[in-house]
Enquirer: 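Just passing along the structure, written as structure tokens.
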Amino acid sequence: MKKYLLQENGNFYKANLHCHTTCSDGKLSPAEVKELYKSLGYSVVAYTDHDILIPHDELNDDDFLALHGFEIEINDPECHDNLIIKTCHICFVGIEPENITQPFWHRERYLFGNAPKFRDKVKFDESLPDFVREYNGEAITKMMLEAREKGFFVTYNHPMWSLESYPEYMSYNGMHAFEMYNGGCLAEGFADYSPRVYDDMLMGGKKIYCIGADDNHNHRAKDSRKYDSGWSWTMIKADSLKYCDITKALVDGQFYASEGPEIYELTFEDGKVTVKCSEADKITCNYGVRRAGIELDETGDGIFEASFDMKPEWKYFHITVTGKDGKTACTNAYFAEDLFNE
Ligand SMILES: [Zn+2]
Ligand SMILES: [Zn+2]
């Protein structure tokens with residue numbers, strides 16, 4: 001029986017799952033971010049200002065949904081030179097619209113940019129002591145797991161910009177997803193399109209999704225190619241634009257990440273995975289084994305579909321679609337143990 005890995009029904013909603021506004025160190029107000037992203041064809045923005053969870057329900061309308069979240073940075077205290085400081089950045093997005101109590105709150109530390117001005121708007125559990133951040137795998141794993149338990153969708157951000165590599169990111173467990181693309185970092189020249197990091201983590205046993213996001217701060221001129229909005233996004237397939245439908249789709253992995261190409265359909269049937277997409281020059285399928293699949297446009301007319309074998313012993317697969325302009329879209333990874341046991 002054909003299984004739709006991106007659900008058959010519903011609609012695709014274009015989402016920016018990581019952004020900054022005047023509530024922390026961004027240049028645009030939350031309403032200006034909404035207007036900008038609506039003009040770029042987005043339906044969803046997760047407001048993830050640094051260190052401060054401020055809901056923006058007032059921005060919701062029939063065509064736009066504001067998710068609430070925040071981003072936390074945990075810096076390596078061993079290092080005092082800002083240019084080489086290692087750091088771990090995590091976004092937390094509330095899965096329920098009512099979930100506006102900020103975990104990991106410290107009454108005095110960590111806020112920067114405009115965030116201190118909004119301190120009084122933060123709702124936190126007053127019975128808890130101030131949360132002190134610790135830069136090590138165990139402490140960061142504990143944060144990720146606690147955030148999940150408290151109802152947040154957890155993403156690990158921009159490994160390259162953070163100067164983190166294999167030993168660090170492999171020690172973090174509990175994320176739902178990591179940033180395959182971070183537009184803001186790409187716009188600054190960092191290599192934050194990270195397919196290798198994804199395969200490292202998948203081969204290392206992590207069952208995680210991959211997203212694309214802008215992490216926009218909007219400080220550069222809007223007409224400059226370095227403007228950090230519209231670089232990469234997440235296409236969410238959901239029943240509707242209601243808060244809980246969108247976050248359910250996130251938790252269920254009903255999405256793909258892109259910086260251009262579109263994926264229309266992803267199905268699995270009789271040991272074959274099939275992807276249908278916008279005009280591509282190349283479509284590849286990667287597994288956690290020494291075998292890969294590739295289709296190339298041999299005629300110049302473009303390719304719009306590809307099928308690849310998948311076997312129970314091949315751990316997982318994920319597909320990358322490359323358009324004529326070199327831009328890519330990446331599916332989530334799908335695991336053999338789930339594909340063949342349902
Ligand atoms: Zn960050
Ligand atoms: Zn950020």
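All heavy atoms count here, side chains included; hydrogens, waters and symmetry mates do not.
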Enquirer: Between Y37 and F64, does the ring pair (Phe, Tyr, Trp, His ring centres under 6.0 Å) criterion hold? Intermediate values first, please.
Expert: CA-CA 9 Å; Y37 276 85; F64 184 81; 8.6 Å; no

Enquirer: Donor-acceptor check, side chain of Y172 to backbone of Y156, threshold 3.5 angstrom: yes or no?
Expert: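 No: the side chain of Y172 does not pair with the backbone of Y156.
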
Enquirer: Share the residues that join Y13 in a hydrophobic cluster, the rule being Ile, Leu, Val, Met, Phe, Trp or Tyr side chains under 4.5 Å apart at the heavy-atom level.
Expert: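 For the cluster that includes Y13, the remaining residues are L17, V44, L65, L67, V93, I95, F153, Y209, I211, I236, L241, Y243, I246, L250, V251, F255.
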
Enquirer: Any side-chain donor paired with an acceptor under 3.5 Å for S232 and Y193?
Expert: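 Their side chains do not contain a donor-acceptor pair, so the 3.5 Å distance test is not met.
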
Enquirer: Validate the cation-pi geometry between K207 and F335: distance from NZ or CZ to the six-membered ring centre under 6.0 Å, angle to the ring axis within 45°.
Expert: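 Yes, K207 and F335 form such a contact.
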
Enquirer: CD of E138: more than 12 outside heavy atoms within 6.0 angstrom?
Expert: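 Check fails, neighbour count at 12 or below.
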
Enquirer: For Y334, what residues pass the ring pair (Phe, Tyr, Trp, His ring centres under 6.0 Å) criterion, not counting sequence neighbours?
Expert: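 With sequence neighbours excluded, Y334 shows a ring pair (Phe, Tyr, Trp, His ring centres under 6.0 Å) to F317, given in chain and number order.
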
Enquirer: In chain order, what residues pass the ring pair (Phe, Tyr, Trp, His ring centres under 6.0 Å) check against Y4, with sequence neighbours excluded?
Expert: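 Residues passing ring pair (Phe, Tyr, Trp, His ring centres under 6.0 Å) with Y4: none at all.
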
Enquirer: Test side-chain contact (heavy atoms from CB on, under 4.5 Å) on H56 and H68; report intermediate values, then the result.
Expert: CA-CA 7 Å; H56 296 291; H68 45 255; over 6 Å; no

Enquirer: Go through the side-chain N and O atoms of N75 and T87 and say whether any donor and acceptor fall under 3.5 Å apart.
Expert: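 The answer is yes; a qualifying pair exists.
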
Enquirer: If a pair satisfies side-chain hydrogen bond (donor to acceptor under 3.5 Å, both in side chains) and one of its residues is in residues 39-48, list it, with sequence neighbours excluded.
Expert: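 Qualifying pairs: none.
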
Enquirer: Apply ring pair (Phe, Tyr, Trp, His ring centres under 6.0 Å) to residues F131 and F124 and explain how you reach the verdict.
Expert: CA-CA 11 Å; F131 184 88; F124 64 99; over 10 Å; no

Enquirer: Who are the ring pair (Phe, Tyr, Trp, His ring centres under 6.0 Å) partners of F308, not counting sequence neighbours?
Expert: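 By the ring pair (Phe, Tyr, Trp, His ring centres under 6.0 Å) rule, F308 matches no residue at all.
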
Enquirer: Anything under 30° is parallel, anything over 60° is perpendicular, the rest tilted; go ahead and classify H50 against H89.
Expert: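 Ring orientation of H50 relative to H89: perpendicular.
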
Enquirer: Where do P77 and Y135 come nearest, in terms of heavy atoms and distance?
Expert: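 That would be CD-CB, 3.9 Å.
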
Enquirer: Decide whether Y169 and D200 meet the rule of one side-chain donor and one side-chain acceptor closer than 3.5 Å.
Expert: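 The criterion, which ignores hydrogens and geometry beyond distance, is satisfied for D200 and Y169.
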
Enquirer: Could you walk me through whether F70 and I52 pass side-chain contact (heavy atoms from CB on, under 4.5 Å), step by step?
Expert: CA-CA 6 Å; F70 61 106; I52 193 157; 5.8 Å; no

Enquirer: Run the side chain to side chain donor-acceptor pair (under 3.5 Å) test on T21 and D49 for me, step by step, so that the C-alpha distance in whole Å, both residues' side-chain angles and the decisive distance to 0.1 Å come before the verdict.
Expert: CA-CA 6 Å; T21 74; D49 272 303; 2.6 Å; yes

Enquirer: Tell me, yes or no, whether the heavy-atom count around M160 atom CE, taken from other residues, nucleotides or ligands under 6.0 Å, exceeds 12.
Expert: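 Incorrect, the count does not exceed 12.
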
Enquirer: Looking only at atom types and distance, does a side-chain atom of E32 sit under 3.5 Å from a main-chain N or O of S29, one as donor and one as acceptor?
Expert: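 Yes: the side chain of E32 pairs with the backbone of S29.
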
Enquirer: Please check if the number of heavy atoms outside K327 that lie under 6.0 Å from its NZ is greater than 12.
Expert: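 Atom NZ in K327 is not packed in, count stays at 12 or less.
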
Enquirer: Will you find, in the side chains of N99 and K150, an N or O donor that is under 3.5 Å from an N or O acceptor?
Expert: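 Side chains of N99 and K150: no pair found under 3.5 Å.
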
Enquirer: Is it the case that over 12 heavy atoms from other parts of the model lie below 6.0 angstrom from the NZ atom of K282?
Expert: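 Not buried by this count: 12 neighbours or fewer within 6.0 Å.
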
Enquirer: Return each pair, listed once, that meets ring pair (Phe, Tyr, Trp, His ring centres under 6.0 Å) where at least one residue sits in residues 266-291; pairs must be two or more places apart or across chains.
Expert: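 Ring pair (Phe, Tyr, Trp, His ring centres under 6.0 Å) check on residues 266-291 returns F268-F340, Y287-W314.
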
Enquirer: Mind checking who shares a hydrophobic cluster with F190, ILVMFWY linked at side-chain heavy-atom distances under 4.5 Å?
Expert: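 F190 shares its hydrophobic cluster with W161.
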
Enquirer: Other than I85, what residues sit in its cluster of Ile, Leu, Val, Met, Phe, Trp and Tyr side chains whose heavy atoms are under 4.5 Å apart, directly or through others?
Expert: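 None; I85 is a cluster of one.
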
Enquirer: How long is the straight-line distance from OG1 of T155 back to CE of M175, given to the nearest 0.5 Å?
Expert: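 Output value for this atom pair is 9.5 Å.
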
Enquirer: Just by distance, no angles: are the side chains of H20 and E71 close enough, under 3.5 Å, to form a donor-acceptor pair?
Expert: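 Short answer, yes.
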
Enquirer: Please identify each residue that fulfils ring pair (Phe, Tyr, Trp, His ring centres under 6.0 Å) with Y227, with sequence neighbours left out.
Expert: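 Not a single residue meets the ring pair (Phe, Tyr, Trp, His ring centres under 6.0 Å) criterion with Y227.
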
Enquirer: Examine the side chains of S240 and D245 and answer whether a donor and an acceptor come within less than 3.5 Å of each other.
Expert: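 Side chains of S240 and D245: pair found under 3.5 Å.
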
Enquirer: Would H217 and D25 count as having a side-chain donor-acceptor pair, cut-off 3.5 Å?
Expert: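 Present: a donor and an acceptor within the cut-off.
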
Enquirer: CD1 of I74 to CG of N136: how many Å apart, nearest 0.5 Å?
Expert: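 Answer for the CD1-CG pair, I74 versus N136, is 10.0 Å.
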
Enquirer: Starting from the C-alpha separation in whole Å, work towards a yes-or-no answer on side-chain contact (heavy atoms from CB on, under 4.5 Å) for K311 and R291.
Expert: CA-CA 11 Å; K311 297 215 187 305; R291 172 180 285 266; over 6 Å; no

Enquirer: Report, as yes or no, whether the 6.0 Å neighbourhood of atom CZ on R196 holds more than 12 heavy atoms from other residues, nucleotides or ligands.
Expert: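 Result for CZ/R196: open.
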
Enquirer: Are P159 and S165 packed together at the side-chain level, in the sense that at least one heavy-atom pair is separated by less than 4.5 angstrom?
Expert: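 No; the side chains remain at least 4.5 Å from each other.
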
Enquirer: Could you go step by step and tell me if T274 and L266 meet the side-chain contact (heavy atoms from CB on, under 4.5 Å) rule?
Expert: CA-CA 6 Å; T274 300; L266 183 66; over 6 Å; no

Enquirer: Can you name the salt bridge (Lys or Arg N to Asp or Glu O under 4.0 Å) partners of K34, sequence neighbours left out?
Expert: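 By the salt bridge (Lys or Arg N to Asp or Glu O under 4.0 Å) rule, K34 matches D61.
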
Enquirer: Side chains of Q7 and D239: donor-acceptor distance under 3.5 Å anywhere?
Expert: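 Short answer, yes.
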
Enquirer: Suppose clustering is done on Ile, Leu, Val, Met, Phe, Trp and Tyr with side-chain heavy atoms closer than 4.5 Å. Which residues sit in the same group as V132?
Expert: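 Result for V132 is Y110.
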
Enquirer: Hey, which of T234, D215, N216 is the one that makes side-chain hydrogen bond (donor to acceptor under 3.5 Å, both in side chains) with N16?
Expert: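 It is N216, the one option of T234, D215, N216 that forms the side-chain hydrogen bond (donor to acceptor under 3.5 Å, both in side chains) with N16.
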
Enquirer: Is a side-chain donor or acceptor of S162 paired with a backbone partner of H158 at a separation under 3.5 angstrom?
Expert: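 A pair under 3.5 Å: yes.
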
Enquirer: Tell me the salt bridge (Lys or Arg N to Asp or Glu O under 4.0 Å) pairs involving residues 257-270, sequence neighbours left out?
Expert: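 Listed by first then second residue: E265-K276.
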
